[in-house]
Novice: 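Following this message is one structure expressed as structure tokens.
Here is the naming used below: chain letters follow the sequence lines, and residue numbers restart at 1 for every chain.
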Amino acid sequence: MSPASRTRRKGNMSSSYVGIGMSVLPVILAPVGVPVPFRARLVVTPLMAESPITPREKDFATWYQDVVLQGDMAEPAEIVKGCMVIKPNGYAVWERLQRELDDRFKATNHQNIYLPLLIPESFLKKEAEHVEGFAPELAVVTHAGGKQLEEPYVLRPTSETIVGHFFAKWIQSYRDLPLLYNQWANVIRWELRTRLFLRTTEFLWQEGHTAHASHEEAMEEVLRMLDVYADVAENVMAMPVIKGRKTRAEKFAGAVHSYSIEAMMQNGLALQAGTSHDLGQNFGKAFDVTFQSKEGKLDYVWQTSWGVSTRLIGGLIMTHSDDKGLVLPPKVAPRKAVIVPIFRKEEERGPVMEVAEKLAKDLGAHIDTRDGQSPGAKFFHWERRGVPVVFELGPRDVASGNIVLKRRDTGEKQVIPQTEAVAKLAETLEAMQTGLLAKAKQRLKDNTCTANSIGEVEDILRAVTAEKGGGKFVMAHLKDDPANDARIKEFKASIRNIPSVDEFDGPGKCILTGETVDRRVVIAKSY
RNA sequence: CGGGGCGUGGCUCAGCCUGGUAGAGCGCCUGGUUCGGGACCAGGAGGCCGGAGGUUCGAAUCCUCUCGCCCCGACCA
């Protein structure tokens with residue numbers, strides 16, 4: 001309601017953790033000077049300008065929140081349940097991801113459209129499984145213009161239904177197909193439990209919606225877009241993923257089959273980073289989307305839908321960041337390099353700034369000219385915001401023709417000639433992008449194991465939580481049967497997907513039914 | 001919906017048990033000294049203590065109701 005009634009960051013939200021690994025803190029325990037009788041005065045210097053970050057080891061979930069907050073990525077909206085405000089540093093990352101994705105969508109012949117936010121409630125009900133899946137998380141508009149609406153509108157949780165309606169209007173003939181559309185939009189899902197970026201009531205995403213003349217063609221589309229997602233995840237976000245098919249129990253409500261990319265976070269939990277659905281003719285039938293084939297026969301279209309959301313940013317953070325804050329792969333970093341100018345005396349300012357400005361232009365770097373902030377404070381500032389490279393430039397460097405380059409991921413610092421700065425920056429960004437992916441791949445490998453009995457799977461995963469970590473991807477033979485999914489859920493894990501590429505030992509007996517299945521599936525705890 | 005935490009300057013909190021008319025640190029503003037990994041000194045601005053009602057001479061503090069936020073769980077494209 002009123003701004004005055006909003007609450008503050010507190011309780012478990014706050015990191016009550018007091019920083020270590022900072023500078024040495026002189027602690028003076030003494031009555032200083034004047035009358036503070038028998039009251040010890042605690043003087044801690046220097047006082048930290050920005051809050052510390054809870055170490056991953058202590059509490060991974062709190063660490064994540066600290067990184068998001070301190071990295072200036074987002075903050076809870078507080079005045080709106082489960083919603084967040086995406087701040088400039090976070091939104092800029094989203095814009096980078098949007099660009100990378102959108103370019104690939106265009107390259108695969110998709111066009112962007114925009115559909116209404118409000119969907120007539122009856123639309124949701126036209127596909128039985130779809131409404132069942134989404135009903136619990138719908139927000140509904142019942143009043144507008146000062147009157148109760150005859151038919152309520154739901155705030156879109158996804159647009160398959162409204163797309164179905166318009167596809168029916170737009171498609172008559174096989175010549176109209178395929179229809180390859182994408183929408184960048186916000187959606188609302190009334191989730192019980194929210195976490196910044198990972199699951200929020202309102203989130204930003206893109207949803208691709210396509211219609212095809214045959215199932216084969218639709219399936220090609222489903223897998224093509226899954227590949228696009230995997231490409232962006234690995235080659236832009238440096239986040240390795242496992243492509244695969246969802247089990248029947250886990251598929252999208254209304255789909256024939258769903259496919260996903262699954263990433264592993266630093267605590268070993270899985271994150272579904274993107275999905276691509278084979279909708280078959282389900283929505284075609286529900287919305288009467290028909291076309292006349294070359295042979296003159298009337299048939300329902302075959303549809304697909306696919307999406308990734310701002311959740312990707314959560315995945316990005318939990319893949320690369322460390323106890324000092326955000327770490328961003330260069331390809332998604334809004335600012336790739338920042339120059340921190342250093343000068344003691346006023347007369348040093350001119351020469352330092354002159355060189356800084358010239359280099360900033362060559363490097364495409366931002367100069368931190370903020371007054372009243374010491375260089376040290378600036379280093380911490382950019383470090384927690386995940387800037388890949390920070391340059392230090394002081395009188396010493398101006399005199400020697402050098403500049404100090406500090407790399408965010410490794411913390412490595414080196415003095416280089418100014419003339420080599422441009423080349424060295426490019427080289428460092430490249431190395432960092434590659435290094436982050438390699439590190440994440442290694443972590444995925446190190447935390448993936450096989451299991452050959454349900455007891456073994458349960459032993460490995462039972463105690464895993466988002467806070468304590470210790471998660472693994474457990475590869476086991478398991479039949480795609482909702483009863484088996486239910487058994488896995490008993491210890492709060494789930495079948496993440498059935499990998500498209502089998503990197504293990506091929507067929508084996510299902511650990512629950514004994515039937516032969518063709519490969520191992522990924523079982524893990526997830527967000 | 002269950003369990004827990006909590007609403008006090010911009011932020012993090014103390015004060016509440018044992019009512020007496022609001023504090024600290026950070027941040028912010030001014031001036032000066034500083035500046036190579038979170039600087040310091042001095043001065044200053046800023047709060048109807050989430051809301052409503054009650055008890056009382058007097059309420060941030062006690063009582064009742066209410067609104068909301070965060071964390072954990074159940075749920076989950």
Novice: For residues 341-352 of chain A, dump all side-chain donor-acceptor pairs below 3.5 Å to protein atoms at least two apart in sequence or in another chain.
Specialist:
from     : atom 1 : to       : atom 2 : distance (Å)
A:Glu348 : OE1    : A:Arg344 : N      : 2.6
A:Glu348 : OE1    : A:Lys345 : N      : 3.0

Novice: With a 4.0 Å cut-off on heavy atoms, is A:Phe379 in touch with a base, just the backbone sugar-phosphate, or nothing at all?
Specialist: base

Novice: Tell which nucleotide pairs with B:A42, taking only Watson-Crick or G-U wobble pairs whose two distances are both under 3.5 angstrom.
Specialist: B:U30

Novice: Would you call the rings of A:Phe287 and A:Phe283 parallel, tilted or perpendicular if under 30° counts as parallel and over 60° as perpendicular?
Specialist: parallel

Novice: Any base atoms under 4.0 Å from A:Ser309, or only sugar-phosphate, or nothing? Heavy atoms, all strands.
Specialist: base

Novice: Tell me every residue that passes ring pair (Phe, Tyr, Trp, His ring centres under 6.0 Å) with A:Phe491, counting only those two or more places apart in sequence or in another chain.
Specialist: none

Novice: Remember a base hit wins even if backbone is also touched, and classify A:Glu467 as base, sugar-phosphate or nothing at under 4.0 Å, heavy atoms.
Specialist: sugar-phosphate

Novice: Among residues 114-142 of chain A, which ones have heavy-atom contacts with RNA chain B below 4.0 Å?
Specialist: A:Phe134, A:Glu137

Novice: Is the distance from OP1 or OP2 of B:C71 to the nearest side-chain N or O of A:Gln65 less than 4.0 Å?
Specialist: yes

Novice: Going by the rule salt bridge (charged side-chain N to carboxylate O under 4.0 Å, His left out), which residues pair with A:Arg407 if we only count those two or more places apart in sequence or in a different chain?
Specialist: A:Asp409

Novice: Mind checking salt bridge (charged side-chain N to carboxylate O under 4.0 Å, His left out) for A:Lys285 and listing every partner two or more places apart, or none if nothing turns up?
Specialist: none

Novice: In residues 406-416 of chain A, which residues come under 4.0 Å of RNA chain B by heavy atom?
Specialist: A:Lys406, A:Lys413

Novice: Students often get this wrong, so: under 4.0 angstrom with heavy atoms, is A:Arg195 touching a base, only sugar-phosphate, or nothing?
Specialist: sugar-phosphate

Novice: Considering residues at least two apart in sequence or located in another chain, which fulfil the side chain to side chain contact (heavy atoms under 4.5 Å, CB included) criterion with A:Glu132?
Specialist: none

Novice: Roughly, in whole Å, what's the span from CD in A:Gln70 to P in B:C11?
Specialist: 14 Å

Novice: Within the pair A:Ser374 and B:C35, is there a side-chain N or O less than 4.0 Å away from OP1 or OP2?
Specialist: no

Novice: A:Gly82 or A:Pro157: which one's nearest nucleotide on RNA chain B is closer to the 5' end?
Specialist: A:Gly82

Novice: Looking for any heavy atom pair under 4.0 Å, which part of the strands does A:Phe203 touch: base, sugar-phosphate only, or nothing?
Specialist: base

Novice: Which residues pass the salt bridge (charged side-chain N to carboxylate O under 4.0 Å, His left out) test with A:Lys126, not counting sequence neighbours?
Specialist: none

Novice: Mind checking what makes salt bridge (charged side-chain N to carboxylate O under 4.0 Å, His left out) contact with A:Arg462, not counting sequence neighbours?
Specialist: A:Glu458, A:Asp459

Novice: With a 4.0 Å cutoff (strictly under), does any side-chain N or O of A:Lys489 reach OP1 or OP2 of B:A74?
Specialist: no

Novice: Quick one: label A:Val404 by what it contacts on the DNA or RNA (base, sugar-phosphate, nothing), any heavy atom closer than 4.0 Å.
Specialist: base

Novice: What does A:Lys345 touch in the nucleic acid at a heavy-atom separation under 4.0 angstrom: a base, only the sugar-phosphate, or nothing?
Specialist: nothing

Novice: Between the base of B:G38 and the side chain of A:Gln373, is one N or O donor paired with an acceptor at under 3.5 angstrom?
Specialist: no

